[in-house]
Amino acid sequence: MSDELIVKQEDFAELCDHIRQSGLVAFDTEFVSEYTFRPQLCLLQFATADRQVAVDPFELEDLTPWWDLMTDEETTIVVHGGREEVRFCVNLAGKRPQKLIDVQIAQGLIGPSFPLGHTALLSRVLGVEVYGKETRTDWRRRPLSDKQVHYAIEDVRHLLDVWRTQQATLEKRGRSSWAVAEFERMIDEIDAERTRENWRRLSGVNSLRSRDLAVARELYEWRSNEAEKRDRPARKILRDDLLIDVAKRQPQTVNDLLATRDMNRGPFYRDMAPAILEAIARGRNLPKAEWPKQIRKEKERDEQILGKLLSIALANRCAEQDVSMQLVGTTSDLKQLVRWHVYDKENGTVPRIAQGWRAEVCGDLLTDLLDGKITMRVGDLQSNHPIVFDETD
């Protein structure tokens, strides 16, 4: 079976009919994200049991037939580390995938390694070695060479075999429901990106006071709107560190604004200065009741110390269960568990590490450790999980 590059709409329609009849397809994309507000889709790759194909979106008028398949309830889509593929679907189709499988996530549910790259995953699951990768390719350039098309299709060629192997292991261990829940959670997270408070993820934002946070939020919204209007990456409009600095200083004149280092080079920031000052004023003029809440520093210290304690216990439990700790619970998840269990248990939302399949992995281990109901000690030093937990009197 030779690799194929589709550049005609009628051939793409025929491919989508084939995928619909197959009911199961591996999917990947090549994209460039450095120059535009959202990543630019440059190539789509598909593999069924019978065909391996790349599709050039620059040559097609309409990708709707594929997005219709990705969002229907009959076609199963297999991806590897497919967060960007889900984003393309949500942003371009306005709908979320319905039957999506991510083999990178699946592997983390049956082994300690997550996330595994494509080459390592094929070697681990199938014993297949693949070589070479067009990691430096500018996928916007045309024409594409046969070598580029071949390497792009290599990303989907073996994914269906990987999933069949993983599926058998998941069923044997009783973890199929874990996988379904985790695939759905990944889609939920991406679908929620459009509405969540993304400004809270700015580096350094937790050092700001409540009023400064209100300004930072307004600056972030202005930056996002401006970046989308100009189709440029948000960081090219205003870097995160500059945004935080401006939120702290809250300049009220153009000269004060441009006194910030790196904002006084060239005409761009001078042209943008009135809009930036308006955003600052909107944040400053908000009534105190509408200021974002600041995370209390003493809580942050407690969460950090206790989170480190819990991470040791969780690492040991995940080694016992042969599941990736990074998939079960991150440092942020453990801090959230501490915050909920110690401060907000009566009214706060139950953290995800205490819900669903993660609760099956952790049980009451972490909360019992916080409550002093169990102690930790070193047991067998030769074991992959050397920590032993004892009930207290």
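- No hydrogens or angles considered: a donor-acceptor pair under 3.5 Å links the side chains of Q166 and Q107.
- Applying the side-chain contact (heavy atoms from CB on, under 4.5 Å) rule to T29 yields the partners F27, F31, L41, E85, F88; only residues at least two apart in sequence or on another chain are considered.
- Here the shortest heavy-atom pairing between A319 and N384 reads CB-O, 3.5 Å.
- Contacts of R87 classified as salt bridge (Lys or Arg N to Asp or Glu O under 4.0 Å), with partners at least two apart in sequence or in another chain: E84, E193.
- The two residues A227 and A234 have their closest heavy-atom pair at CB-CA, 3.7 Å.
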| request: Check step by step if salt bridge (Lys or Arg N to Asp or Glu O under 4.0 Å) holds for D245 and R261. | output: CA-CA 10 Å; D245 180 74; R261 189 170 58 188; over 6 Å; no
| Step by step, would you call E360 with Q355 a side chain to side chain contact (heavy atoms under 4.5 Å, CB included)? | CA-CA 8 Å; E360 292 184 45; Q355 299 183 50; over 6 Å; no
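- Side-chain atoms of Q98 and E74 form no donor-acceptor pair, as typed in the model, at a separation below 3.5 Å.
- Looking at S383, its side chain does come within 3.5 Å of a backbone N or O of H385 through a donor-acceptor pair.
- Side-chain polar atoms of D28 and H118 form no donor-acceptor pair below 3.5 angstrom.
- A donor-acceptor contact closer than 3.5 angstrom is absent between the side chains of T48 and D50.
- Donor-acceptor pairing under 3.5 Å is lacking for the side chains of Q40 and R140.
- Figure legend: R282 and Y220 shown without cation-pi pairing, the cationic atom not lying both under 6.0 angstrom from the six-membered ring centre and within 45 degrees of its axis.
- R235 meets the salt bridge (Lys or Arg N to Asp or Glu O under 4.0 Å) test with no other residue; sequence neighbours excluded.
- Within 6.0 Å of the CD atom in E391, the count of heavy atoms belonging to other residues, nucleotides or ligands does not exceed 12.
- Side-chain atoms of T36 and D231 form no donor-acceptor pair, as typed in the model, at a separation below 3.5 Å.
- Comment: R142 engages D56 in a salt bridge, judged by a side-chain N to carboxylate O separation of less than 4.0 angstrom.
- A distance-only check finds no donor-acceptor pair linking the side chain of Q21 to the backbone of H18 [under 3.5 Å].
- Here the closest heavy-atom approach between residue R270 and residue P274 is recorded as O-CD, 3.8 Å.
- Here the CZ-CG distance, from R157 to L122, works out to 11.0 Å after rounding to the nearest 0.5 Å.
- Other residues, nucleotides and ligands contribute more than 12 heavy atoms inside 6.0 Å of the NZ atom of K95.
- A ring-centre distance under 6.0 Å is found for F46 and W66.
- Residues V205 and L286 fall into different hydrophobic clusters, defined by Ile, Leu, Val, Met, Phe, Trp and Tyr side chains chained together at heavy-atom separations under 4.5 Å.
- No donor-acceptor distance shorter than 3.5 angstrom exists from the side chain of E218 to the backbone of I280, with no hydrogens or angles considered.
- Follow the hydrophobic side-chain contacts under 4.5 Å out from V125 and you reach V128 in the same cluster.
- Residues E221 and W199 have side chains that never bring a donor and an acceptor to within less than 3.5 angstrom of each other.
- Heavy-atom minimum distance, I244 versus S203: CG1-O, 3.5 Å.
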